[in-house]
**Student:** 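Here it is: the structure, laid out below.
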Amino acid sequence: MEESTLQLISGIGAKLGQLARPNKDVLVKSLRQVVSALSQIEQPSVVEVAAKAQVLRKLEAATKPLRNSIVKHGLPNHTDKDVRLLGAICFSEFFRILAPQPPFADKHLRDILKLIISIFSELADTTSAFFSRRVKILETVARCKCCVIMLDIGCDDLILEMFKTFFSVVRDHHQQSLINDVLSIMTHILNEEVSHQLMDVILGNLIQESKDATSAASQLAASVIQSCAEKLQPFVCGFLTSCSLDRDSVGSELKEFYHEIVLKIFQCAPEMLNAIIPSLTQELMTDQVDVRIKAVNLIGKLLLRPEYRVAQRYHALYVEFLKRFADKSSEVRVTALQCAKACCLANPSGIESLELLPAIKDRLLDFDDKVRMQAVIVACDIARSNLKYTSHEFVSEFTERLRDKKISVRKKTLQKVMEVYRDYCNKCAEGHITICDRFEQIPCKVLMLCYDKDCKEFRSQNIELVIVEDLFPILLPVEERTRHWIHLFSLFSPSHVKALSAILSQKKRLQTEMRNYLVLRRKEKEINSEDMQKKLRSSFVKMSASFPDPSKAEECFDKLSQMKDNKIFSSLGQLLDEVTLKSAMAIRDKLLKVIGNKHPHYEFLQLLCSKCLFNIFDSEHVSCILNLISSGGLESYHLEAFSIELLLVIISNFPSLMRGSELELCLLFEEKYLIHDKIIQVLVKAGPHISVKFSDFYPVLKKICLEGTRSQSKYAVSAIASLIDVSEPYVFSELCEELVNSLHRGRNTATVLQSLGCIAQYSVSTFENHDKEITQYVYKKILQAKSLDDPSVIEDSSGCTTCKLKIYGLKMLVKSFLPHRGSQISRPINSLLGTLLKMLQKEDVLDDIISCAGDRDYIRLAAAKSVLQLSRRWDLHISPDIFCPTILMGKDDSSSVRLSFLDKTYKLLKERVIPIRYACAFTLATADGFKDRQHSFKYMVEFIKEYNREAQKRRTSMVQGGSIVDYPAYLVVFLIHLLAHDEGFPPEGCQDEAIYAQFCSPLLFFLHTSISSNNVDDDMDIVNVAAFYLYYIFRAIKRAKDAVDVQRTPKGISSLPRPEKILLPSSLYKITPMKNEEANWKSFTHTFVERVVHIFKSQISLPVGTVRKRGRKCHEDDSFILVSHKHEDFSTRGADQVHKKSTRQGVNLGCRGRCAVSPDALGSVGSHNKDSNEQEYGASNSSESALEKGRSFSSHSFTQKPSQMESKVSTHKVERCSTSDGNVAADKNHTAGASNNCKESGTRNEVLIGQRIKVWSTFDSCFYSGTVDDFNPENNTHKITCDSGEVEILCLDSESWETISNCSLMEREVQPSDKQNTLHLRQCVKDTVDKLRSDDRQECKTKLNMEDCKVPCREKKMKERSKNSSSVSKVMNIDEDAVARTRSRKV
């Protein structure tokens, strides 16, 4: 070292020592010289100890004056920052050059070190000019380890302050050398001595990152722990153990962050926690929910470090962690799911992830909706993170939550699965994965939400928006979208196709109605009338139906229509005409930009534009599909058929989208594509909307008509009709001639017959030119042929070739009488109807029509279906002789024939194209003995429900033309006729109730179904109206007497007044003179009729889901009260009005099983001629005057506002009783006499009151005992309280029972009931529908209560029986009679 430097330092020290109080400038100037000089002095580097000691002594002597002067003038406590900084530098330099000896005495070191620490506190300011000097001080202190001196002189407080200072000033942007110096200082101290205070500071800063502080302090703490793990472990483990075992006894505030500390330490020094981690098992099982949540969170985060293999090293802890997925607290389960998500995302292929997936799947079915929602979120996020390896099963399970019972879960599921599908589409477009079924099932399940009618959020209006906005990524190319559509369409079931078609047809309706509205708006300027306003209102209502909130949309339409800016409506018109989405989007954006987002109708116009756009499919989709088919660009051959089906669905709704793709469509009409009938259907739909040359398609279509399959030829003729021009009328004539020639040659007869039938429907004049030739050929060469051969017809289980050709010929004849577009036919249909009548018979040879035994049923089935088809237009010509055998196909012996006929009938009824009378087939098919009766019962219920609702809408909306014939109740008019002509009608004089019950079962089934609220979704209005009309229909059938004036036929029925006319078919009923009516009635006692109904109810076994399965006897279903309590006796009423055919003229139909009823019924009946437009009878209201006083019936019980009707129709009672000879009393004396007989019978029955009896149960094949509590003489029933506590209302005359107790009875005066049987229609129907509706509720309650009543102790049963509770069976008071609600016993 240079001597001059030492001399300079020594001189400066001497000068400062001579000054008493040097000022700042002198100190700064002197210290700067000292700093510069000290920086030039290096610590001795000599090896010899003696030499080094000599050098140090020399340095110490040279610096001593300066050191003494600095201490003398109190530099460590100086207030000036410059002096303090220069002083700190000098002190650090003294430590450096004089190490390892301290440069100052212990009494001065504290102040010096405190000064240095204060300089450290300014390290955070990296922009300061003195930052480098401060860093230099830090570096020097760290290198010299001078801070360890603080431990020697007992400056623990300064050490703690320094640690806090370091953690507070460290920053993320500090250079690593600075961090290393700080870490070095702290490590040196900790390696010497560790205290709890220092541990708290370190742990506190370790978790600072979780408290929104900078991460540098946390990282520094982690580095300190990692460097001093061995020294810190006893302190840390002791602290953590105390927190785990007895947290309340821990004084440190860090105990609240116990789990965070464990996690942080595990991340930096996991070996420190070997003794702590296993103790977390107890925390997972503690009763405190918050502790369990924190423990689950902690373990979940520990699992994120797969390199530490927590699941394997701490297996017991991991097993307990998995159990938290089934924790009793939903919050814990949600936390476990979140941890599982983090683990699976961090290490998708890890063992832990594979083990966590089953737990996540189980939570998808959790009973708590919040847990299920979280499980859906977790499952979807896991799937998105690893689409390629996500299993089909996993995707199916989380998409199944779209059907969750909670709407909130379904909404969240819909949102998340759409995110999954969009990511999947992007990955497919990028080539990372290929299109696969497991993700294409997502849109399929989304479409099924359209069937959820209980939730308005998932109606087709909303699902349309989901498909438009959320299904595909915005930037996904059209070709990629098309490929996805084709693939997912290949997964479609008929329900999916129906849902998609519903959405497209909904959009189509809106577009069509919007076009109509724009036309009306232009006309409104010219014609501003009230009628025009009504049309506009109607248009708004129709368009609003396509929006999620129709009422709000209608209001917006109304406000929008008041706008004077025609540019808006002009733009909407352009949107409707633009078939390319890109161009349409440009028009929409321009419109929205013009009106601005501050416009009050901006949001509605935005939604309206979306509805008007072709944004699900546009012309580019159509072109892309055609190109993929023609170029073979699809992944597999089987997708070709599905792509054509998808194209057909699109074009069926939007045929204009085919414009511009005519050339691609023409390329498909090559021989290899003709196996797909759907291609021809596409041409049929698109034909009128595209510009093509007819000559380009006609040769191929003509060949198909001659040589193709029957289905192909059908569509080929339709395609020709759609493409044919007005200037080319000769096309069908030429084609028909070629077809007739081919028919004579016997080539492809089946196909030719189909083509001829279709031509007859499109061109009546063309067919009529060849009618005679074709018809004669069919009759002579086909129907009368013994054997036919056609290679194109394949024999199968549905018949031989000859049989099939006969059926094809018949179909051709039928089609020739059913032209399209309402064309008129001049040819008579009688010949065809006569042929059908012959074919409906069961004989082998019917005149000239020959059928073999094996094919006889199929011929009859074809004839019956032909009648159904002809009834579309020729129902007035279908006589009862044809109608009856047609309907009887509903109970044909052949199951396949029966089901085929019922299916066809239901389809046509559902399409509303045939009269309702053909629904009689459903009632006949519900008879006992048919295994498939559930099938027919379902059809009958659907028919009643749909037709009732439609009729109700017409009635409430006052639509012109509505009448009683629109209601399903009118079906009894035809059903009674069918039963009256049935060969199985009970013989005259038959008194067997079982025979009548079996025979009348179709009628009783229909009555039961018609007035059962269960079958109409508890819509009591429908039930009331059905009962109301049934009542008057039966009276009209009984009292048909007057002809109906066609001009007075009611056009509609409002509220529920008595109908002025009951229309009866003139072909089925005739006028019965009043004077002969009484002679036509064969009387039965009222009790006999009740027994018939009772036996029927005890024998019926409705299909699953329509009747209760439990119960000792047939349930007391009040739906039959309407049958048995009304003296009209629905089960057998009305057969006397049936017109008998010549073969049965010798039989007096009026004597066949008529029930005795009061002849004083309302209504009169007349007949229509068969040639009139309505072949029905009607009951005139003029017969009201013929009624005796006090015999009229109230009809106001069916209205929701009785007060309105009570002023119109009075309510009276009709006295009635049964007599032994069956005659009905007409005067009061006769009535009184008959009442005495009833009293005598009632007295004998009342003797049983109080006795114990046992009744045989045919259902359970055992006796059940009980006590007779009461007797109702009006319906001959006893009230019996069973030992189980249940109450039964039984007619003991029809039960097997015996007395089991002869205990003496209390003497009592037996008073005959003076209660009159009233035909109060309001109360009767109210009882009926209330009982039907309450039975379901009571059975559910009874079932639950019966489970509770299963106790081994008999005393408990006796207690239950003695209670007045209705836990087993409820009793409600109706008209002072205790009527027991249906009971349910578990079998």
Side-chain angles (χ1 to χ4, degrees), residues 451 493-495 497-498 796-799 840 857-869 871 883-950 968-969 971-972 974-975 978-979 982 984 997-1017 1026 1096-1097 1099-1109 1117 1119:
Y451 293 101
S493 67
S495 298
V497 176
K498 182 179 178 181
D796 52 25
S797 58
S798 61
L840 285 169
D857 290 338
Y858 297 107
I859 295 292
R860 292 174 49 248
L861 174 62
K865 288 184 177 180
S866 298
V867 174
L868 291 177
Q869 293 288 0
S871 66
F883 174 73
C884 288
T886 299
I887 296 302
L888 289 177
M889 295 296 292
K891 62 174 186 177
D892 194 85
D893 296 335
S894 173
S895 175
S896 60
V897 170
R898 184 171 63 252
L899 288 177
S900 179
F901 179 76
L902 293 175
D903 291 342
K904 186 67 173 181
T905 304
Y906 177 73
K907 178 183 177 182
L908 295 176
L909 284 169
K910 190 174 182 179
E911 294 173 357
R912 308 294 196 274
V913 294
I914 62 174
I916 65 170
R917 64 173 178 158
Y918 292 92
C920 290
F922 302 149
T923 65
L924 298 180
T926 56
D928 289 334
F930 295 143
K931 295 181 180 179
D932 50 13
R933 59 199 302 253
Q934 181 176 356
H935 196 69
S936 56
F937 189 85
K938 174 185 175 182
Y939 282 164
M940 184 168 68
V941 170
E942 289 297 323
F943 161 75
I944 291 174
K945 182 187 298 184
E946 295 300 325
Y947 273 72
N948 263 323
R949 286 179 177 173
E950 186 174 317
L971 198 66
V972 297
F974 307 99
L975 187 55
L978 285 169
L979 294 176
D982 195 282
Q998 177 63 31
F999 176 77
C1000 296
S1001 61
L1003 177 61
L1004 295 177
F1005 254 119
F1006 176 73
L1007 295 175
H1008 170 267
T1009 309
S1010 297
I1011 57 178
S1012 174
S1013 61
N1014 295 332
N1015 297 327
V1016 289
D1017 300 330
F1096 165 74
K1097 291 193 294 179
Q1099 293 176 348
I1100 63 173
S1101 57
L1102 295 182
V1104 177
T1106 60
V1107 70
R1108 289 83 173 168
K1109 293 182 179 180
D1117 193 335
S1119 61

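Since we're looking at a predicted model, the values are computed, not measured. As a basis for the values below, the full set of heavy atoms in this structure was taken, side chains included, without hydrogen atoms, waters or symmetry mates. Residues take their numbers from the sequence shown, with the count starting at 1.
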**Student:** Test your reading of the model: is there a side-chain donor-acceptor pair from S900 to the backbone of S896, 3.5 Å cut-off?
**Tutor:**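 No, because the side chain of S900 does not come within donor-acceptor range (under 3.5 Å) of the backbone of S896.
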**Student:** Would you check if there is a donor-acceptor pair between the side chains of S493 and K498 at a distance under 3.5 Å?
**Tutor:**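 K498 vs S493: no donor-acceptor pair found between side chains.
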**Student:** Can you see whether F901 has R860 sitting over its ring - NZ or CZ less than 6.0 Å from the centre and within 45° of the normal?
**Tutor:**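 Relative to the ring axis of F901, which defines the angle, R860 lies outside at least one limit.
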**Student:** Between K891 and D982, is there a salt bridge with N-O shorter than 4.0 Å?
**Tutor:**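 So D982 pairs with K891 through a salt bridge.
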**Student:** So, for S1010 and A1026, which heavy atoms are closest and what is the spacing to 0.1 Å?
**Tutor:**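 Shortest heavy-atom separation between S1010 and A1026 comes out as O-CB, 3.6 Å.
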**Student:** Could you tell me whether the side chain of S1001 and the main chain of Q998 form a donor-acceptor pair under 3.5 Å?
**Tutor:**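 Looks like yes, one N/O pair under 3.5 Å.
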**Student:** What orientation do Y918 and F883 show, parallel under 30°, tilted 30 to 60°, or perpendicular over 60°?
**Tutor:**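 Answer is perpendicular, since the angle exceeds 60°.
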**Student:** Could you grab the distance from atom OG of S866 to atom NZ of K904, nearest 0.5 Å is fine?
**Tutor:**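 So the gap between those two atoms works out to 9.5 Å.
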**Student:** So among T926, I1011, I944, L924, which one has a side chain to side chain contact (heavy atoms under 4.5 Å, CB included) with F1006?
**Tutor:**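 Among the candidates, only I944 passes.
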**Student:** Supply the atom-to-atom distance D893 CG to D857 CG, rounded to the nearest 0.5 angstrom.
**Tutor:**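 If we round to the nearest 0.5 Å, D893:CG and D857:CG are 8.0 Å apart.
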**Student:** Test your reading of the model: is there a side-chain donor-acceptor pair from R898 to the backbone of D892, 3.5 Å cut-off?
**Tutor:**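 Between the backbone of D892 and the side chain of R898 there is a qualifying donor-acceptor contact (under 3.5 Å).
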**Student:** Which heavy atom in F999 sits nearest to a heavy atom in L979, and how many Å separate them?
**Tutor:**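 Heavy atoms only, the tightest pair is CZ-O, 2.9 Å.
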**Student:** Measuring from atom CD1 of I914 to atom CD of Q869, what distance do you get when rounded to the nearest 0.5 angstrom?
**Tutor:**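 Going from the CD1 atom of I914 to the CD atom of Q869 covers 8.5 Å.
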**Student:** Is there a side chain to side chain contact (heavy atoms under 4.5 Å, CB included) between D903 and H935 once you walk through the steps?
**Tutor:** CA-CA 9 Å; D903 291 342; H935 196 69; 2.8 Å; yes
**Student:** Should F937 and F922 count as side-chain neighbours, where that means a heavy-atom distance under 4.5 Å?
**Tutor:**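 Contact flag for F937/F922 side chains = no.
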**Student:** Has the side chain of S871 got a donor or acceptor atom that lies under 3.5 Å from a matching backbone atom of L868?
**Tutor:**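 Answer holds: yes.
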**Student:** Could you check whether E950 pairs with R912 (Lys NZ or Arg NE/NH1/NH2 to Asp/Glu carboxylate O, under 4.0 Å)?
**Tutor:**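 The answer is yes: the pair qualifies as a salt bridge.
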**Student:** Before you tell me yes or no, could you show the steps for F943 and I916 under side chain to side chain contact (heavy atoms under 4.5 Å, CB included), namely the whole-Å CA-CA distance, both residues' side-chain angles and the distance that decides it to 0.1 Å?
**Tutor:** CA-CA 9 Å; F943 161 75; I916 65 170; 4.0 Å; yes
**Student:** Considering all heavy atoms of both residues, which atom of L902 and which atom of G890 are nearest to each other, and what is their separation?
**Tutor:**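 Where L902 meets G890 most closely, the heavy atoms are CD2-CA, 4.2 Å.
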**Student:** Side chains of E911 and L908, heavy atoms from C-beta outward: is any pair under 4.5 Å?
**Tutor:**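 The answer is yes; the side chains approach within 4.5 Å.
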**Student:** Could you walk me through whether T923 and L1003 pass side chain to side chain contact (heavy atoms under 4.5 Å, CB included), step by step?
**Tutor:** CA-CA 7 Å; T923 65; L1003 177 61; over 6 Å; no
**Student:** Looking only at heavy atoms, which two atoms of E942 and Y906 are closest? And how far apart?
**Tutor:**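 So the minimum-distance heavy-atom pair works out to CB-OH, 3.7 Å.
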**Student:** Before you tell me yes or no, could you show the steps for L909 and Y947 under side chain to side chain contact (heavy atoms under 4.5 Å, CB included), namely the whole-Å CA-CA distance, both residues' side-chain angles and the distance that decides it to 0.1 Å?
**Tutor:** CA-CA 9 Å; L909 284 169; Y947 273 72; 3.8 Å; yes
